[in-house]
Amino acid sequence: MRFNVAAAASAALLVSGVYADDQKVLKEEASPAVAAELPTFTLKAPFLEQFTDDWETRWKPSHAKKDTTGKEDEEWAYVGEWSVEEPVVYKGVEGDKGLVVKNPAAHHAISAKFAKKIDPKGKTLVVQYEVKLQNGLECGGAYLKLLRENKALHQEEFSNTTPYVIMFGPDKCGHTNKVHFIFNHKNPKTGEYEEKHLNSPPAAKIAKTTELYTLIVHPNNTFVIQQNGEQVKEGSLLEDFTPAVNPPKEIDDPKDKKPDDWVDEARIADPEATKPEDWDEDAPYEIVDEEATQPEDWLVDEPLSIPDPEAQKPEDWDDEEDGDWIAPTVPNPKCADASGCGPWTKPMKKNPDFKGKWTAPFIDNPAYKGVWEPRKIKNPEYFDDKTPANFEPMGAIWTMQNNILFDNIYIGHSVEDARKLADETFFKKHPLEELAELADKPKEEEKPASPSDLKFADDPVLYIKEKVELFVTLFKKDPVEAVKFLPEVAGGLVAVFVTVLALLGGLASLGGSAAPAAKKAAVDVKDKAKDVKDKVADAATSGAETAKAELNKRNTRSQS
């Protein structure tokens with residue numbers, strides 16, 4: 001978005017926009033109502049546009065029709081539509097309306113005149129506005145562009161090529177994400193204009209809530225950029241822009257050329273150096289260590305790998321279908337306890353006679369004259385503008401994505417008035433919008449804790465209950481998997497039965513009328529404990545054997 005103000009008896013505010021053809025338009029449903037009571041929008045202020053019901057009496061869309069799609073630095077055709085409406089996403093103030101860019105992939109331009117021209121000479125300039133990216137921002141700008149006064153400037157013909165004084169606001173596309181601050185500076189000698197770009201601009205906040213952007217330029221050439229009332233950048237017009245406002249006093253003489261005999265090599269190869277007679281350039285880097293001897297524990301006759309002695313041919317192996325079965329190999333365990341296995345050869349070592357390619361050593365160049373530089377002359381285009389903050393009178397706006405809403409535009413000379421405006425508008429609605437945004441976010445469902453994640457120390461009763469229930473469930477489906485997955489439960493159940501058995505045995509030894517019943521119960525528990533213990537052992541054994549057989553079969557087939 002670009003804002004321009006014309007310098008004349010009156011000034012104008014232009015809003016224009018452009019879209020990439022492949023821009024994806026996002027659809028956003030109206031945000032849920034905020035529980036808090038919304039404030040009523042009432043504030044008025046000088047040099048302020050709040051887009052009240054009579055906005056069409058002040059604003060005129062541009063009808064520039066020159067269509068040069070695919071060509072750079074030329075005017076566009078402006079066919080985009082505008083509307084003043086309440087936000088459809090995270091509404092924060094009841095009845096608060098803003099100017100909305102309606103069409104995707106279309107250029108937009110609109111302007112409005114002010115009762116007084118805006119001339120910042122010798123004054124503080126404040127540019128402040130709200131922007132609400134209701135569809136987010138994938139690739140586009142939501143910046144203001146303050147236009148330079150031009151007697152031939154007509155509101156119906158505002159376009160991208162209309163000269164501007166200041167461009168300010170967020171811009172994002174791909175890896176680019178910054179808050180622009182660019183101003184056009186007039187060369188007092190040639191009368192030509194040159195763009196000055198802020199070095200290291202701050203990043204823009206891309207959000208669907210209303211964001212407040214403020215630029216303050218003081219007469220002493222210092223500036224401040226604020227986002228949502230907080231300072232994010234400060235600097236000087238004379239020191240923090242590229243190209244610099246003032247050119248250097250001296251420049252290189254374009255007519256001065258380096259002499260042909262100028263020597264700028266500080267060091268050269270010694271012309272008197274010669275290769276020593278004993279220098280062998282062909283000597284290898286490494287040679288065989290003739291002094292090395294075979295270690296006493298080296299196992300020459302042992303192979304590095306052997307067939308797995310524990311591997312067995314699977315019972316379901318079909319020689320006709322699967323081929324001859326060959327046991328998989330494993331590292332020879334004998335080699336692990338020795339220096340090595342297999343044929344022994346003498347190792348290599350660094351050649352003490354290796355010298356490599358001979359080159360002459362370098363020495364200081366006796367003819368060296370230093371680094372050549374052209375002589376300096378006075379810059380004929382030099383000037384010293386001590387007040388670049390004296391911008392020319394100005395006036396207008398433009399953007400690059402649909403459903404961007406602009407509101408509460410202030411252009412004037414009072415930092416205090418701009419802040420009062422923000423206090424009555426932005427700082428009342430923004431907290432409510434943030435609450436609506438928070439309420440709109442999907443809540444994370446609480447996931448039930450897995451028995452594997454339970455800890456005995458946290459809740460012993462829940463720990464045992466969950467583990468046992470899981471074991472019973474798995475045991476009904478597959479006893480083998482139950483024992484393999486929860487061996488501690490299987491062992492615990494056996495221990496419980498054994499303990500109960502011991503207690504019942506003690507009761508039986510007491511004699512009396514209870515003795516026969518106790519003995520019978522003890523026998524039943526003992527039989528059940530033995531049965532569970534046998535099932536656990538059988539399940540573990542069969543599970544291990546099944547897994548090992550399957551592994552052997554897979555390994556053998558992979559080698560065939």
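No experiment lies behind these values; they were computed from the predicted model shown.
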Full working for side chain to side chain contact (heavy atoms under 4.5 Å, CB included) between L238 and N246: CA-CA 8 Å; L238 291 169; N246 294 316; 3.7 Å; yes
Derivation and outcome, side chain to side chain contact (heavy atoms under 4.5 Å, CB included), residues I166 and L215: CA-CA 10 Å; I166 290 177; L215 170 66; 4.1 Å; yes
E281 and K275: CA distance, side-chain angles, deciding distance, side chain to side chain contact (heavy atoms under 4.5 Å, CB included) verdict: CA-CA 10 Å; E281 293 184 343; K275 184 173 71 173; 3.8 Å; yes
Candidate pair N228 and E211, rule side chain to side chain contact (heavy atoms under 4.5 Å, CB included), full reasoning: CA-CA 6 Å; N228 297 348; E211 303 300 314; 2.7 Å; yes
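S305 and N332 share no side-chain donor-acceptor pair at under 3.5 Å. Side chains of D264 and W262: a donor-acceptor N/O pair is absent below 3.5 angstrom, by distance only. If you check the side chains of D440 and Y90, you find a donor sitting under 3.5 Å from an acceptor. For the 3.5 Å distance criterion, the side chains of S339 and D297 qualify, holding a donor opposite an acceptor. With hydrogens and angles left out, the side-chain atoms of E433 and T210 include a donor and acceptor closer than 3.5 Å.
Taking the charged nitrogens against the carboxylate oxygens, E290 and K346 do have a contact shorter than 4.0 Å, which makes a salt bridge. Under 4.0 Å is where a charged nitrogen must lie from a carboxylate oxygen, and between D319 and K313 at least one such pair does. A salt bridge links D252 with K376: the distance from a Lys NZ or Arg NE/NH1/NH2 to an Asp or Glu carboxylate oxygen falls below 4.0 Å.
Side-chain contact between Y285 and K350 is present, with heavy atoms from C-beta onward closer than 4.5 Å. Using a 4.5 Å heavy-atom cutoff, the side chains of P380 and I251 are in contact. At least one side-chain heavy atom of L212 sits under 4.5 Å from a side-chain heavy atom of E130. Between F223 and I225, some side-chain heavy-atom pair lies under the 4.5 Å cut-off. Between P259 and W372, some side-chain heavy-atom pair lies under the 4.5 Å cut-off. At least one side-chain heavy atom of I182 sits under 4.5 Å from a side-chain heavy atom of Y164. Residues P271 and I363 meet the side-chain proximity criterion, which asks for heavy atoms closer than 4.5 Å. In this structure, P201 and V179 have side chains that are not in contact, with every pair of non-hydrogen atoms separated by 4.5 Å or more.
The distance from atom CG of D316 to atom CD of E321, rounded to the nearest 0.5 Å, is 9.5 Å. The CD atom of Q231 sits 8.5 Å away from the CD1 atom of I216 when rounded to the nearest 0.5 Å. Between W325 atom CH2 and W317 atom CH2 the span is 8.5 Å, to the nearest 0.5 Å. One distance of note links NE2 of H430 with CG of L435; it measures 10.5 Å at 0.5 Å rounding. Summarising the geometry, atom CG belonging to D253 is positioned 14.0 Å from atom NZ belonging to K378; distances are rounded to the nearest 0.5 Å. Remark: H180 NE2 to L144 CG distance equals 12.0 Å, nearest 0.5 Å.
Between the side chain of D364 and the main chain of A266, no donor-acceptor pair closer than 3.5 Å is present. At distances below 3.5 Å, at least one donor-acceptor pair connects side-chain atoms of Q227 with backbone N or O atoms of A203. No donor-acceptor pair closer than 3.5 Å links the side chain of N221 to the backbone N or O of L237. Here the side chain of N379 pairs no donor or acceptor atom with the backbone of K249 at under 3.5 angstrom. Looking at K258, its side chain never comes within 3.5 Å of a backbone N or O of P374 through a donor-acceptor pair. Checked by atom type and distance alone, the side chain of N177 pairs as donor or acceptor with a backbone atom of A204 at under 3.5 Å.
Closest approach of I287 to P352, counting heavy atoms only: CD1-CD, 4.2 Å. Contact detail for W298 and G342: the closest heavy-atom pair is NE1-O, 2.7 Å. Listed here is the closest heavy atom pair of D384 and K386: OD2-NZ, 2.8 Å. When all heavy atoms are compared, the tightest approach of I306 to P333 is CD1-CD, 3.8 Å. The two residues L198 and D240 make their nearest non-hydrogen contact at CD1-O, 3.5 Å. Here the shortest heavy-atom pairing between D282 and D280 reads N-OD1, 3.0 Å.
The neighbour count for K334 NZ, taken as heavy atoms of other residues, nucleotides or ligands under 6.0 Å away, does not exceed 12. The environment of D301 atom CG is sparse: at most 12 non-hydrogen atoms of other residues, nucleotides or ligands sit within 6.0 angstrom.
Among residues two or more places apart in sequence or in another chain, the ring pair (Phe, Tyr, Trp, His ring centres under 6.0 Å) test is passed with Y368 by none. Applying the ring pair (Phe, Tyr, Trp, His ring centres under 6.0 Å) rule to Y213 yields no partners; only residues at least two apart in sequence or on another chain are considered.
Aromatic ring orientation, W279 versus W358: perpendicular (interplanar angle above 60°, classes split at 30° and 60°).
Between F168 and F183, the ring center distance fails the sub-6.0 Å criterion.
Applying the salt bridge (charged side-chain N to carboxylate O under 4.0 Å, His left out) definition to pairs two or more places apart or across chains, those involving residues 195-204 are E194-K196.
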